[in-house]
Amino acid sequence: HTHGGDLPPIANEWPTTSYQNVSILARQSFSIFAPSNAALNDFFQRYWRIGGYSSLSDVDRLAMQYLLLQFYYSGSIVFPEEITQGMVMNRYGTVFNFNPYTASDKALCVNGSFFGLSDIGTPPLFGSVAGPAFRDKNKMAFLYALSGSQMLDAYASNNIQFTLLVPSDALLLKNGIQLNSYAGRKVLEIETEDGLSSLSTERMQEMANMHTSSIAGGLATTGKQVVPSQISFNYWYLKDGTISSSANFNNYLNPEYTGNPFVPFTEITNNGAAWNNGRAYTYSDAATGMLEPDKSDGLAYALAVGNDNRYLYSNFVKLLKCAGLVNGTSITFLAGSQRFIAFIPTNEAIEQAVIAKQIPGFENCSTLADWDDDGIDKDIPLLATYLKSYFILATNNVFTNYPYPGSSVRSGVYISGNGSTRMQYSDTGTTLNVKSTNRTNNPNVVATYDYFPFAFKDGCFHLIDATL
């Protein structure tokens with residue numbers, strides 16, 4: 001008799017279906033650490049009832065399966081001293097947290113050892129930051145996502161502190177993701193143009209990583225904070241008790257966007273206590289766009305097509321076009337997969353610099369429109385070289401983060417995108433400013449967007465209040 005799925009076949013007298021497989025028959029066995037009825041009922045009362053379940057039979061099958069898998073060991077007979085010395089671990093890589101010498105029942109059986117436990121603590125995986133997904137009935141869909149991502153075991157580790165966002169079923173449904181049951185089997189699905197489709201392992205991994213950070217200490221509920229997610233160059237932005245993803249924050253660049261990318265977030269505790277390896281939070285069901293990393297065509301594309309006057313960076317794009325640096329939907333010197341950082345003057349700053357004749361190669365123009373006048377003398381190579389100085393390219397510089405106050409991008413001098421001039425970048429801890437080492441202007445990053453970078457998969461930019 002077997003139990004199906006991942007549950008161990010503990011009712012098999014032999015750990016193999018072949019009576020001739022002597023090497024397995026002589027070596028392999030099970031060890032079961034079975035909670036008593038009273039111990040299970042006690043765990044239900046202090047864990048699952050808090051999460052909204054009404055009885056043990058009401059608990060989702062997947063959550064119950066993970067609980068059962070915390071109480072068996074496969075491979076060999078386990079003796080009490082091996083447990084107390086932490087010599088054996090469950091399938092999640094954590095030690096068994098009970099005292100075998102106080103077990104109410106012990107037996108050596110034909111296919112392994114048995115320990116009957118009259119009380120149990122909270123299993124490590126259930127006490128981890130993933131605990132809300134196991135405990136709360138209204139967050140069960142995210143548990144299926146974590147399980148399907150094949151990453152859930154990692155959340156049991158005490159070697160690293162996690163900060164985890166745990167979205168509710170209602171929020172996932174708002175984003176087109178739902179948990180459906182077919183003949184008793186639950187499947188996580190997403191709405192597509194062709195109807196419902198099973199959520200892929202890759203998509204579930206993406207969701208898990210986008211909701212996970214390895215920062216310690218949790219999230220700031222006042223002030224501003226940038227938190228790197230486990231997907232490189234994708235962030236959570238926090239502002240006075242509200243949260244947004246960097247991809248969602250980029251909606252501000254859409255001239256037609258009138259919403260607010262920030263929604264409230266709240267901490268989820270373990271019945272008032274901390275989780276054993278970090279802190280967990282949930283965020284408002286009003287949120288959309290928080291589940292995915294940046295999937296746009298990238299910043300280089302956005303710049304190449306962004307000369308509409310309604311865009312925050314349209315005048316800079318017009319200068320790029322004047323300098324011959326735009327080719328269709330790409331920026332010529334940004335071609336390829338290199339990552340970059342840009343500091344882009346506001347439209348007003350560029351207008352003022354054009355009037356003041358402060359832009360190299362563009363001094364003979366009084367307005368941006370003058371560039372189209374064939375009678376005006378202009379220096380295209382000089383303008384192109386100057387505009388490239390607003391960029392920091394990964395091909396010439398090392399950076400593993402995007403700049404924001406307190407980021408790992410340190411204050412210092414960087415090689416600019418033209419390869420010859422240098423950009424001096426300064427992070428005061430609360431503000432940012434830049435300076436071209438061969439020019440006198442010292443622009444500041446504008447505070448309008450709280451010094452959060454507009455982060456894309458290929459690069460990021462900040463708006464600055466003056467030209468270099």
Side-chain angles (χ1 to χ4, degrees), residues 1-13 15 17 30 32-37 39-74 90-92 111 120 122-123 125-126 128 130-153 155-156 166-192 194-208 211 282 285 291:
H1 174 73
T2 61
H3 302 284
D6 290 332
L7 295 176
I10 60 174
N12 285 342
E13 182 176 342
T17 55
F30 301 106
I32 298 299
F33 318 109
S36 67
N37 292 350
L40 275 177
N41 285 329
D42 174 69
F43 178 73
F44 172 82
Q45 293 295 330
R46 58 184 167 84
Y47 194 82
W48 275 316
R49 183 172 291 281
I50 294 172
Y53 287 101
S54 57
S55 66
L56 273 172
S57 60
D58 185 37
V59 174
D60 185 87
R61 178 183 175 86
L62 183 63
M64 183 60 74
Q65 176 177 296
Y66 272 97
L67 179 73
L68 295 175
L69 293 178
Q70 301 271 315
F71 292 102
Y72 97 100
Y73 179 81
S74 177
N90 64 26
R91 62 174 292 175
Y92 306 112
N111 63 345
I120 58 172
T122 301
L125 189 56
F126 283 62
S128 73
F134 284 102
R135 184 192 67 184
D136 297 345
K137 189 174 183 179
N138 67 347
K139 298 179 181 66
M140 190 52 55
F142 191 63
L143 174 61
Y144 277 78
L146 292 177
S147 180
S149 73
Q150 301 175 357
M151 297 166 52
L152 185 54
D153 293 6
Y155 291 95
V166 186
S168 66
D169 293 352
L171 189 146
L172 292 179
L173 184 61
K174 189 176 181 67
N175 285 268
I177 298 171
Q178 54 189 279
L179 187 61
N180 294 318
S181 181
Y182 299 98
R185 176 175 172 268
K186 291 185 177 179
V187 180
L188 202 58
E189 297 181 311
I190 187 169
E191 293 179 4
T192 68
D194 300 321
L196 290 174
S197 175
S198 295
L199 213 60
S200 67
T201 300
E202 180 182 8
R203 180 67 180 86
M204 287 188 278
Q205 289 174 347
E206 190 177 77
M207 188 191 305
H211 282 70
T282 192
D285 290 350
L291 304 177

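Everything numeric here is computed off the predicted structure, so don't read it as measured data.
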**Q** Would you please name every residue forming a ring pair (Phe, Tyr, Trp, His ring centres under 6.0 Å) with Phe44, sequence neighbours left out?
**A** none
**Q** Taking the side chain from Ser149 and the backbone from Leu146, do they hold a donor-acceptor pair closer than 3.5 Å?
**A** yes
**Q** Mind checking ring pair (Phe, Tyr, Trp, His ring centres under 6.0 Å) for Phe71 and listing every partner two or more places apart, or none if nothing turns up?
**A** none
**Q** For the pair Met204 and Met151, evaluate side chain to side chain contact (heavy atoms under 4.5 Å, CB included) and give the outcome as yes or no after the intermediate values.
**A** CA-CA 9 Å; Met204 287 188 278; Met151 297 166 52; over 6 Å; no
**Q** So, Arg49 side chain and Ser54 main chain: donor-acceptor pair closer than 3.5 Å or not?
**A** yes
**Q** Does any non-hydrogen side-chain atom of Gln70 lie less than 4.5 Å from one of Thr122?
**A** no
**Q** Just to verify, which of Asp136, Leu179, Leu62, Leu188 counts as forming a side-chain contact (heavy atoms from CB on, under 4.5 Å) with Leu143?
**A** Leu62
**Q** Return yes when atom CD of Gln45 has more than 12 non-hydrogen atoms of other residues, nucleotides or ligands closer than 6.0 Å, and no otherwise.
**A** yes
**Q** Can Glu189 and Leu199 be said to form a side chain to side chain contact (heavy atoms under 4.5 Å, CB included), step by step?
**A** CA-CA 5 Å; Glu189 297 181 311; Leu199 213 60; over 6 Å; no
**Q** What I'd like to find out is whether the side chain of Leu56 reaches to under 4.5 Å of the side chain of Met64, using heavy atoms alone.
**A** yes
**Q** Begin with the C-alpha distance, continue with both residues' side-chain angles, and end with the deciding distance and a verdict on side chain to side chain contact (heavy atoms under 4.5 Å, CB included) for Val59 and Lys137.
**A** CA-CA 8 Å; Val59 174; Lys137 189 174 183 179; over 6 Å; no
**Q** Hey, what do you get for CZ (Phe43) to CH2 (Trp48), rounding to the nearest 0.5 Å?
**A** 5.0 Å
**Q** Side chains of Lys174 and Asp285, heavy atoms from C-beta outward: is any pair under 4.5 Å?
**A** no
**Q** Tyr53 and Tyr47: side chain to side chain contact (heavy atoms under 4.5 Å, CB included), yes or no, with the steps?
**A** CA-CA 9 Å; Tyr53 287 101; Tyr47 194 82; over 6 Å; no
**Q** Just by modelled atom types, is the Leu173 backbone N or O under 3.5 Å from a matching donor or acceptor in the Gln178 side chain?
**A** no
**Q** Has Thr282 got a side-chain atom pairing as donor or acceptor with Val166's backbone, closer than 3.5 angstrom?
**A** yes
**Q** State, with a plain yes or no, whether a side-chain heavy atom of Asn180 is found less than 4.5 Å away from one of Val187.
**A** no
**Q** With under 30° as parallel and over 60° as perpendicular, where do the rings of Phe134 and Tyr66 fit, or are they tilted in between?
**A** perpendicular
**Q** Could you tell me which residues satisfy ring pair (Phe, Tyr, Trp, His ring centres under 6.0 Å) with Tyr155, sequence neighbours excluded, listed by chain and number?
**A** Phe162
